[in-house]
Amino acid sequence: FAALAPDLDLVLKQVVPGVRHQGASHGVGAAVIAGCVALAIFRGLGWRAPGRPALAVGAAWLSHIALDYLNRDMTPPIGLMEGRRRCGLK
């Protein structure tokens, strides 16, 4: 779920005006916040090593951001592949 969570802004933008896709939820700060929230939840549940699953949540969130950056999406930040195309590199 954590890897898909950054795209929840697609749902939110249908309800809240001004929310845009790949906005704040697609930043490194959002991944850090997600990891910290997960850490608090796992600590509250009494897990012996809450840092491990919390790190996994943050890493999953970051993987979504990294894959979005590498694809050919025309919304900012424009991915690496589009930058290569614009420079004449295929």
Side-chain angles (χ1 to χ4, degrees):
F1 174 77
L4 294 174
D7 278 341
L8 288 176
D9 59 4
L10 290 170
V11 176
L12 194 57
K13 95 181 212 183
Q14 301 301 319
V15 182
V16 179
V19 173
R20 64 181 185 86
H21 181 53
Q22 294 186 340
S25 67
H26 282 73
V28 175
V32 170
I33 291 170
C36 290
V37 168
L39 180 63
I41 290 170
F42 291 126
R43 275 188 182 158
L45 292 173
W47 287 44
R48 280 190 306 164
R52 289 179 180 172
L55 185 60
V57 167
W61 198 293
L62 280 173
S63 73
H64 180 105
I65 297 165
L67 290 173
D68 271 1
Y69 184 73
L70 293 173
N71 82 25
R72 200 172 192 162
D73 192 353
M74 294 305 294
T75 57
I78 296 175
L80 290 176
M81 301 320 259
E82 182 58 27
R84 288 175 53 94
R85 186 187 67 76
R86 287 185 180 183
C87 293
L89 304 171
K90 302 240 179 196

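Given the structure is predicted, the values throughout are model-derived calculations rather than measurements. Only this structure's heavy atoms are used, side chains among them; waters, hydrogens and symmetry mates stay out.
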- Of all heavy-atom pairs between Ala2 and Ala60, which one has the smallest distance, and what is that distance? CB-CB, 3.8 Å
- Message: Same cluster or not: Leu4 versus Ile65, using hydrophobic residues (I, L, V, M, F, W, Y) connected whenever any side-chain heavy atoms lie under 4.5 Å apart?
- Response: no
- Message: Hydrophobic clustering (ILVMFWY, side-chain heavy atoms < 4.5 Å, transitive) - are Ile41 and Ile33 grouped together?
- Response: yes
- Query: side-chain contact (heavy atoms from CB on, under 4.5 Å) with Leu67: which residues, sequence neighbours excluded?
  - Reply: none
- Query: From Trp47 CH2 over to Leu39 CG, what is the distance, rounded to the nearest 0.5 angstrom?
  - Reply: 12.0 Å
- Message: What's the separation between atom CZ in Phe42 and atom CG in Leu55, rounded to the nearest 0.5 Å?
- Response: 11.0 Å
- Note on the structure: side chain to side chain donor-acceptor pair (under 3.5 Å) pairs touching residues 48-66, sequence neighbours excluded, are Asp7-His64, His26-His64, His64-Asp68
